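Notes to accompany the following structure.
Keep in mind that what you see is a predicted model, and the values were worked out from it rather than measured.
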Amino acid sequence: MGSYIAPDFKRQRQRMVNEQLLNRGISDPAVLDAMSRTQRHLFVPEALQPRAYDDHPLPIGHGQTISQPYIVACMTQLLEASPGMSVLEVGTGSGYQSAILAGMGLDVFTVERVRELYFPAKDLFRRLGLLGIRTRIADGTLGWQENAPFDRIIVTAGGPDIPSPLLDQLADPGIMVIPVGKNRREQRLVRVFKKDGGMTARALGNVTFVDLVGDHGW
């Protein structure tokens, strides 16, 4: 029987950045730096860790997934965020997106409705020293009114419409990135700009996300 060779996660992480991100137009230095440093394999089930940096989403249990690295980078880049900004994330999931945002120096507020995902993610943040990430178990479509407005909002699940509470809690000026689609399996990535009291929304590429469940979702 051959000896076990542990995966070289650092090398896999750098290959991910070079082949999946840089080659596809991800150019924000802060996004690239955060994704080159964040240990994605810690945010997936142990059995799937050797595949953590592959170019596809992975299941994390309870019908949820961790998005493929490119989608995480793309949505993060679309936020056009700067250190010190406050960002609301709807759908903590494994916690990987939160860790990327925190690694960029953002003030992160993240909401998860599935208890079985919320507590492991919160514990992982503690173990990784990401103590500045504030977590909440609740209906994410309602936002987090007590800490609004948010300079940026990112939603990592797809709903039929943009939840009105999130629009209300977006700062002016502010940017939101969210998958939207009347058909659960046909969504467009939408970027919302709020400025001078008005809002504009631009639909970008096709995506497929898990359902955004809540009072203002499915």
Side-chain angles (χ1 to χ4, degrees), residues 21 25-35 37-38 67 70-113 118 121-122 125 128-159 161-180 188-205 207 209 212 214-217:
L21 308 187
I26 302 300
S27 58
D28 187 323
V31 175
L32 293 168
D33 177 64
M35 293 195 66
R37 291 185 290 104
T38 304
S67 296
Y70 171 73
I71 291 296
V72 173
C74 178
M75 293 182 71
T76 306
Q77 180 167 272
L78 288 171
L79 291 174
E80 299 181 12
S82 302
M85 286 184 171
S86 63
V87 57
L88 170 66
E89 178 195 21
V90 176
T92 312
S94 68
Y96 181 64
Q97 177 72 77
S98 302
I100 297 297
L101 296 169
M104 295 171 59
L106 304 179
D107 194 10
V108 181
F109 298 80
T110 183
V111 183
E112 174 57 56
R113 68 179 182 83
Y118 170 82
K122 184 176 182 179
F125 295 152
L128 293 177
L130 300 173
L131 304 181
I133 298 177
R134 274 155 284 192
T135 62
R136 185 179 192 180
I137 182 165
D139 176 355
T141 69
L142 300 176
W144 198 334
Q145 182 62 50
E146 302 94 299
N147 293 293
F150 300 97
D151 299 304
R152 301 291 186 264
I153 297 178
I154 182 170
V155 182
T156 58
D161 298 292
I162 302 174
S164 56
L166 300 185
L167 292 173
D168 293 340
Q169 293 174 35
L170 183 62
D172 185 349
I175 296 175
M176 180 194 309
V177 178
I178 177 173
V180 179
R188 298 292 298 276
L189 196 58
V190 175
R191 180 160 59 167
V192 178
F193 294 88
K194 180 187 277 191
K195 187 175 182 180
D196 298 330
M199 294 193 205
T200 58
R202 180 183 177 190
L204 305 172
V207 290
F209 277 79
L212 176 63
D215 285 358
H216 296 267

**Asked** Ignoring hydrogens and geometry, is there a side-chain-to-backbone donor-acceptor pair from T200 to K194 under 3.5 Å?
**Response** no
**Message:** Quick check: closest heavy atoms across V190 and A201, and the distance to 0.1 Å?
**Reply:** CG1-CB, 4.0 Å
**Asked** Does the R113 side chain pair with the main chain of A138, one donor and one acceptor, at a distance under 3.5 Å?
**Response** no
**Message:** Using the side-chain hydrogen bond (donor to acceptor under 3.5 Å, both in side chains) criterion, which residues pair with S67? Sequence neighbours excluded.
**Reply:** none
**Gap separating the CD1 atom of I137 from the OH atom of Y118, nearest 0.5 angstrom** = 6.5 Å
**Fill in**
From the list I175, L170, V177, L101, side-chain contact (heavy atoms from CB on, under 4.5 Å) with R152 holds only for I175
**Item:** Distance in Å, R37 CZ paired with I100 CD1, rounded so as to fall on 0.5 Å steps
**Value:** 8.5 Å
**Request:** Quick one: closest heavy-atom pair of S94 and A121, and the distance?
**Result:** O-CB, 3.8 Å
**Asked** Counting distance only, does the side-chain N/O of E89 pair as donor-acceptor with the main-chain N or O of I154 below 3.5 Å?
**Response** no
Could you give the side-chain donor-acceptor pairs of residues 73-87 under 3.5 Å, partners two or more places apart or in another chain?
from	atom 1	to	atom 2	distance (Å)
T76	OG1	V72	O	2.6
T76	OG1	Q97	NE2	2.9
Q77	OE1	S27	N	2.8
Q77	OE1	D28	N	2.9
E80	OE2	R191	NH1	3.0
S86	OG	D151	N	3.2
S86	OG	D151	OD2	3.3

**Residue pair T38 / Y96, side-chain donor-acceptor N/O under 3.5 Å** = no
**Prompt:** Within a strict 4.5 Å, meaning less than it, do heavy atoms of the L142 and H216 side chains meet?
**Reply:** yes
**Prompt:** Where do V207 and P179 come nearest, in terms of heavy atoms and distance?
**Reply:** CG2-CB, 4.0 Å
**Message:** Check this for me: R202, atom CZ, are more than 12 non-hydrogen atoms of other residues, nucleotides or ligands nearer than 6.0 Å?
**Reply:** no
**Message:** Here's a test for you: under side-chain contact (heavy atoms from CB on, under 4.5 Å), which of T135, T110, T156 qualifies with S98?
**Reply:** T110
**Request:** Scan for salt bridge (charged side-chain N to carboxylate O under 4.0 Å, His left out) pairs involving residues 92-111, sequence neighbours excluded, and state none if there are none.
**Result:** D107-R134
**Asked** About how many Å separate CG of L189 and CZ of F209, when rounded to the nearest 0.5 Å?
**Response** 6.5 Å
**Message:** Working to the nearest 0.5 angstrom, can you tell me the gap between D161 CG and L166 CG?
**Reply:** 12.0 Å
**Request:** Keeping the roles fixed (side chain from D215, backbone from D139), state whether a donor-acceptor pair exists under 3.5 Å.
**Result:** no
**Asked** Are any side-chain N or O atoms of T141 and backbone N or O atoms of P163, one a donor and one an acceptor, separated by less than 3.5 Å?
**Response** no
**Asked** Just by modelled atom types, is the W144 backbone N or O under 3.5 Å from a matching donor or acceptor in the Q169 side chain?
**Response** yes
**Request:** Indicate yes or no for a side-chain donor-acceptor contact from E112 to the backbone of T92 under 3.5 Å, with no hydrogens or angles considered.
**Result:** yes
